[in-house]
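Structure record follows, encoded as structure tokens.
Values reported hereafter were calculated over all heavy atoms of this structure, with side chains retained and with hydrogens, waters and symmetry mates removed. Along the sequence shown, residues carry numbers from 1.
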Amino acid sequence: GVVIAPAVEELFFRGVILVSIFTLTRRAAGPVVAGVAAALVSTGLFTLLHVVTAEVSIADVASVALLGVTASSIVVLTGRIWGAVLLHAVYN
């Protein structure tokens, strides 16, 4: 669970959601705006998933959101997902 769940979640939220939104908005908005928008949407959905599937406190929501923003930033800045997977595994 500590390795597989982070890999699956990161592949979906950063590898599919973030990359799709970035790709769709990059030409119209530019790479910086597209990166920020993609990071915010993927982080919002990631946080929402954790709020809906578990009983969490406000501190937990903030922690998961910070994890999402950091993982998104890693993917946007490096173009690779494995740093985000490692971050998430260590966080768990």
- Message: List the residues meeting side chain to side chain contact (heavy atoms under 4.5 Å, CB included) with V19, not counting sequence neighbours, and say none if there are none.
- Response: T23
- Item | Sequence neighbours excluded, every pair satisfying side chain to side chain donor-acceptor pair (under 3.5 Å) that has a member inside residues 56-67 | S57-D60, S63-Y91
- Qualifying salt bridge (Lys or Arg N to Asp or Glu O under 4.0 Å) pairs, either residue in residues 13-37, two or more places apart: E10-R14
- Message: Can you list, by chain and residue number, the hydrophobic cluster partners of V90 when the side-chain cut-off is 4.5 Å?
- Response: L86
- Should F22 and V33 be counted in the same cluster of Ile, Leu, Val, Met, Phe, Trp and Tyr side chains packed under 4.5 Å apart? no
- By ring-ring contact (aromatic ring centres under 6.0 Å, His included), F13 pairs with (sequence neighbours left out) F46
- Item | Nearest-0.5 Å distance, CD1 of residue I4 to CG of residue N92 | 12.0 Å
- Message: Give me each pair satisfying ring pair (Phe, Tyr, Trp, His ring centres under 6.0 Å) with a member in residues 51-85, each pair once, sequence neighbours excluded.
- Response: none
- Query: So which residues get pulled into L48's cluster when ILVMFWY side chains under 4.5 Å apart are joined, directly or through others?
  - Reply: V52
- In the hydrophobic clustering that connects Ile, Leu, Val, Met, Phe, Trp and Tyr at side-chain heavy-atom distances below 4.5 Å, which members other than V61 occupy its cluster, ordered by chain and number? V51, V56
- Task: Can you measure from CG (L11) to CD1 (I81) and round to the nearest 0.5 angstrom?
- Result: 4.5 Å
Tell me which donor-acceptor pairs under 3.5 Å the side chains of residues 64-79 have, and how far apart each pair is, sequence neighbours excluded?
unit_1 : atom_1 : unit_2 : atom_2 : d
T70    : OG1    : L66    : O      : 2.8
S72    : OG     : S42    : OG     : 3.1
S72    : OG     : T43    : OG1    : 3.4
S72    : OG     : G68    : O      : 2.9
S73    : OG     : V69    : O      : 2.8
T78    : OG1    : I74    : O      : 2.6
T78    : OG1    : R80    : N      : 3.1
T78    : OG1    : R80    : O      : 3.3

- Message: Assigning hydrophobic clusters by single linkage (Ile, Leu, Val, Met, Phe, Trp, Tyr; side-chain heavy-atom cutoff under 4.5 Å), is L49 placed with V41?
- Response: yes
- Item | Hydrophobic cluster (4.5 angstrom, side-chain heavy atoms) - remaining members for V3 | none
